[in-house]
Amino acid sequence: MLIVGYSFGIRSERRLCEEVHLNLAYRWFCRLGLEDAVTGPFDILEERHGRFRESDAFRQVFESVVERCMKEDWSAVKALPSTPA
C-alpha cells in the first residue's frame, strides 16, 4: 500500500486506506479481494516510520524507474531536478 501512496502522492495514512478501500485498481495492486479488509492507518504509519525507515528499497525503486525513463528518452524525466545522493 505504501507504494500506491508514494506513487500517487497520497501522504495521509487515513486517506490512503480510503483510496485503497474504494479503488479496485489499488486493491488489485495490493492483492486484496473485494471482501478483504484494508489495513488500518495506524498499521501503515507503523510500517512507514518503523520497518521501512531504515530501508533503501523505495529509493532504489524510484531511481530504477527514473533510469529506465531516461533510457527510453522520456522528456519529462529530463526536467526533474537532481538531488544529491
* Would you name the heavy atoms of G40 and C17 that are closest together and state the gap between them? => C-SG, 3.6 Å

* Asked: Would you say I10 and F29 are hydrophobically clustered, going by side-chain heavy atoms of ILVMFWY under 4.5 Å?
  -> yes

* To do: Kindly write out the residues that satisfy side-chain hydrogen bond (donor to acceptor under 3.5 Å, both in side chains) with R68, not counting sequence neighbours, or none if the list is empty.
  => E72

* Single-linkage hydrophobic cluster, 4.5 Å side-chain cutoff, M1 and W28 together -> yes

* To do: Tell me who clusters with L24, hydrophobic residues only, linked when side chains sit under 4.5 Å apart either directly or through other members.
  => L34

* Residue pairs passing the ring-ring contact (aromatic ring centres under 6.0 Å, His included) test where at least one lies in residues 1-23, sequence neighbours excluded -> Y6-F58, F8-Y26

* Partner set under side chain to side chain contact (heavy atoms under 4.5 Å, CB included) for F42, not counting sequence neighbours -> none

* Asked: Who are the side chain to side chain contact (heavy atoms under 4.5 Å, CB included) partners of S7, not counting sequence neighbours?
  -> I3

* Structure fact -> CG of N23 to CG of L16, rounded to nearest 0.5 Å, is 11.0 Å

* CA sep, side-chain torsions, deciding dist, call: R27, V38, side-chain contact (heavy atoms from CB on, under 4.5 Å) -> CA-CA 9 Å; R27 290 182 78 86; V38 176; 3.4 Å; yes

* To do: Any salt bridge (Lys or Arg N to Asp or Glu O under 4.0 Å) involving residues 4-15? Give me the pairs, sequence neighbours left out, ordered by first then second residue.
  => E13-R48, R15-E18, R15-E19

